[in-house]
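Report on the structure given below.
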Amino acid sequence: MLNPATAQAVIDHALFLGADFAELFVEHHQSSSVELISGDIDKVNSGIDFGIGVRLFFGHKVLYGYTNSTDEEELKRVTSLLAAKDKRDQIATAGSLNLSRYTSKHQCQLPLNQGANLEAKIAFLRQTNEAARNEDEKISQFIGRILQREQQVEIFNSTGLHIGDTRHYTRVAATAIAQNGSEQSTGFEAPGALTGWEFNSQLNAQELGQKVAKQAMVKLFAENCPSGEMPVIIGNGFGGVIFHEACGHLLETTSVAKKASVFHDKMGEMIANPVVNAVDDGTMSNEWGSINIDDEGMETQRTQLIKDGKLTSFMVDHMGSLKTGYAPTGSGRRESYKYAPTSRMRNTFIEPGDSSLDEMIASVERGIFAKKMGGGSVQPGTGEFNFAVQEAYLVENGKITKPLKSATLISTGPKVLKEISMVGSDFELAAGMCGSVSGSVPTTVGQPALKVDNILVGGN
């Protein structure tokens with residue numbers, strides 16, 4: 001996408017102006033989406049974006065700019081504007097660019113072409129809509145969306161690195177709305193994968209429609225949730241969003257390097273119950289949060305964050321490594337060429353244990369089964385969180401008794417890690433999008449069901 005000779009000239013220019021490190025991130029991004037509302041196709045959109053990000057290091061200071069031009073003089077102009085903010089007399093030497101090659105871990109059979117597979121996608125959405133509405137007459141609305149995109153990246157830097165990657169993403173989102181008089185409730189699922197439209201072979205339109213409709217119907221007639229501190233069993237899959245938000249961000253050098261994380265000085269210490277093992281893994285084949293290389297050009301890896309309750313690693317990007325001394329983990333990510341990269345999660349999850357869901361429920365005299373988690377808010381510095389539960393049930397005398405609505409879980413990431421006493425074997429992953437200082441990136445959360453002995457539950 002960018003002539004290597006041009007890239008070399010721009011990098012040499014950056015170092016001549018005093019930068020300690022220079023990088024070019026080239027991106028060509030193509031997307032296509034189709035949306036169904038009220039039984040009809042409402043939107044069919046497509047788009048292409050292209051740009052080049054220029055990043056310079058002056059010590060621990062990062063300067064960043066971008067342009068949509070591949071012209072050498074324009075790229076040098078952007079570089080000069082950045083370097084003018086921290087110009088130095090000392091000149092570093094750039095390595096000669098050498099193209100790196102690797103074998104992709106993520107196969108794609110049906111990549112994005114404008115308009116390709118559109119009829120098949122429309123048919124899938126119509127089937128899902130029909131299944132949801134046939135589940136119950138109180139399903140008043142269904143919204144379905146399929147997004148497919150292709151991101152081509154090419155990275156050059158002053159160490160001599162020249163590497164590229166093509167990433168194929170497909171995601172299906174389904175929302176069902178149930179209504180009874182003035183009462184409304186929703187069900188939502190959004191599976192995704194790092195692959196092409198062949199992802200639909202892993203999905204069943206009938207089951208997806210029924211699933212979101214049942215979620216909505218369960219909550220429509222649910223009772224108010226009790227409040228107070230009590231044991232809570234958090235379901236598998238998207239239940240991992242609590243670890244991601246309340247703990248995972250505190251293990252990124254984005255916060256660790258600033259000492260804005262409560263875990264910044266806890267390496268090697270017990271930060272969780274010994275039953276907890278947590279991983280951030282970018283190597284899992286075709287998973288939504290996987291990557292061959294990160295957005296700094298480093299091949300991805302599996303990073304064991306917590307082992308038997310002990311903190312064993314952070315997620316580290318290039319600048320985070322310079323600031324903390326920890327080795328990079330292939331975790332430098334960004335939404336697009338418009339953002340400088342920083343340490344981010346990929347597929348982040350709590351590993352399976354040996355307890356069963358039935359055993360966990362049987363161990364609770366009175367508490368909550370949070371089968372499906374929803375959204376929430378987190379204070380980055382402390383891990384204090386407030387999460388809504390999308391689907392919840394009351395547990396009494398070791399049995400699930402009735403559905404609940406308006407359940408909220410309130411605690412801190414560090415506290416919850418120590419309150420986990422049982423970890424299940426029913427491991428599952430779920431796709432999501434994560435926002436941070438380097439934009440919004442595809443990430444996967446996950447876990448088996450687990451028991452938190454004591455957590456504050458908010459209800460009505």
Side-chain angles (χ1 to χ4, degrees), residues 28-49 108-151 167-179 184-217 219-220 237-238 241 286 288-289 335-336 372 374-375 390 430-435 439-445:
H28 179 275
H29 182 263
Q30 185 176 350
S31 65
S32 174
S33 66
V34 54
E35 185 174 281
L36 177 147
I37 301 177
S38 300
D40 293 321
I41 299 302
D42 181 64
K43 296 176 184 176
V44 178
N45 293 325
S46 62
I48 296 175
D49 193 14
C108 176
Q109 298 173 9
L110 297 173
L112 175 62
N113 293 305
Q114 291 301 106
N117 304 302
L118 179 59
E119 292 304 319
K121 292 171 182 176
I122 290 173
F124 184 95
L125 291 176
R126 292 194 187 282
Q127 292 169 25
T128 310
N129 170 70
E130 184 178 1
R133 292 181 182 277
N134 287 343
E135 186 65 24
D136 196 283
E137 62 182 10
K138 293 189 183 298
I139 299 298
S140 60
Q141 180 62 283
F142 174 84
I143 303 169
R145 184 170 186 259
I146 296 175
L147 170 67
Q148 189 174 359
R149 61 190 186 93
E150 178 182 293
Q151 183 195 34
R167 301 156 181 174
H168 304 276
Y169 293 98
T170 301
R171 195 177 190 194
V172 178
T175 302
I177 301 173
Q179 186 163 356
Q184 279 192 346
S185 61
T186 61
F188 177 76
E189 293 289 333
L194 183 70
T195 190
W197 176 236
E198 68 269 20
F199 178 56
N200 77 312
S201 65
Q202 302 175 34
L203 304 174
N204 183 300
Q206 179 81 15
E207 292 178 359
L208 181 60
Q210 290 174 337
K211 188 172 185 178
V212 293
K214 287 177 179 177
Q215 285 180 11
M217 290 304 300
K219 291 189 291 182
L220 189 62
F238 202 69
V241 70
N286 296 108
W288 176 250
E335 178 179 329
S336 71
K372 172 88 173 173
Q390 186 169 314
M433 295 297 294
C434 174
S440 181
V441 299
T443 55
T444 303
V445 300

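Since we're looking at a predicted model, the values are computed, not measured.
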Problem set entry | Nearest-0.5 Å distance, SG of residue Cys108 to CD of residue Glu150 | 7.5 Å

For this session: Output the distance between atom CG (Leu112) and atom CD (Gln30), rounded to the nearest 0.5 Å.
Result: 4.5 Å

Exercise. Among all residues two or more places apart in sequence or in another chain, which pass the salt bridge (Lys or Arg N to Asp or Glu O under 4.0 Å) test with Arg149?
Worked result: none

Seminar exercise, completed: For Lys214, the salt bridge (Lys or Arg N to Asp or Glu O under 4.0 Å) test, sequence neighbours excluded, returns none

Taking the side chain from [X] and the backbone from [Y], do they hold a donor-acceptor pair closer than 3.5 Å?
{"X": "Gln390", "Y": "Gly374", "value": "no"}
{"X": "Asp42", "Y": "Leu36", "value": "no"}
{"X": "Gln215", "Y": "Thr186", "value": "no"}
{"X": "Ser185", "Y": "Ala216", "value": "yes"}
{"X": "Arg126", "Y": "Gly39", "value": "yes"}
{"X": "Thr175", "Y": "Phe188", "value": "no"}

For this session: Scan residues 198-213 for pairs that pass side chain to side chain donor-acceptor pair (under 3.5 Å), counting only residues two or more places apart or in two chains.
Result: Thr195-Glu198

[X] side chain near [Y] side chain, heavy-atom distance below 4.5 Å:
{"X": "Ile143", "Y": "Arg145", "result": "no"}
{"X": "Phe199", "Y": "Asn286", "result": "no"}
{"X": "Glu35", "Y": "Ser33", "result": "no"}
{"X": "Leu203", "Y": "Pro191", "result": "yes"}
{"X": "Arg133", "Y": "Gln141", "result": "yes"}
{"X": "Met433", "Y": "Arg171", "result": "yes"}

Shortest non-hydrogen contact between [X] and [Y], atoms and distance:
{"X": "Gln151", "Y": "Tyr169", "value": "OE1-CE1, 4.4 Å"}
{"X": "Gly432", "Y": "Trp288", "value": "O-NE1, 2.7 Å"}
{"X": "Ala174", "Y": "Thr128", "value": "CB-CG2, 4.4 Å"}
{"X": "Leu208", "Y": "Phe124", "value": "CD2-CE2, 4.2 Å"}

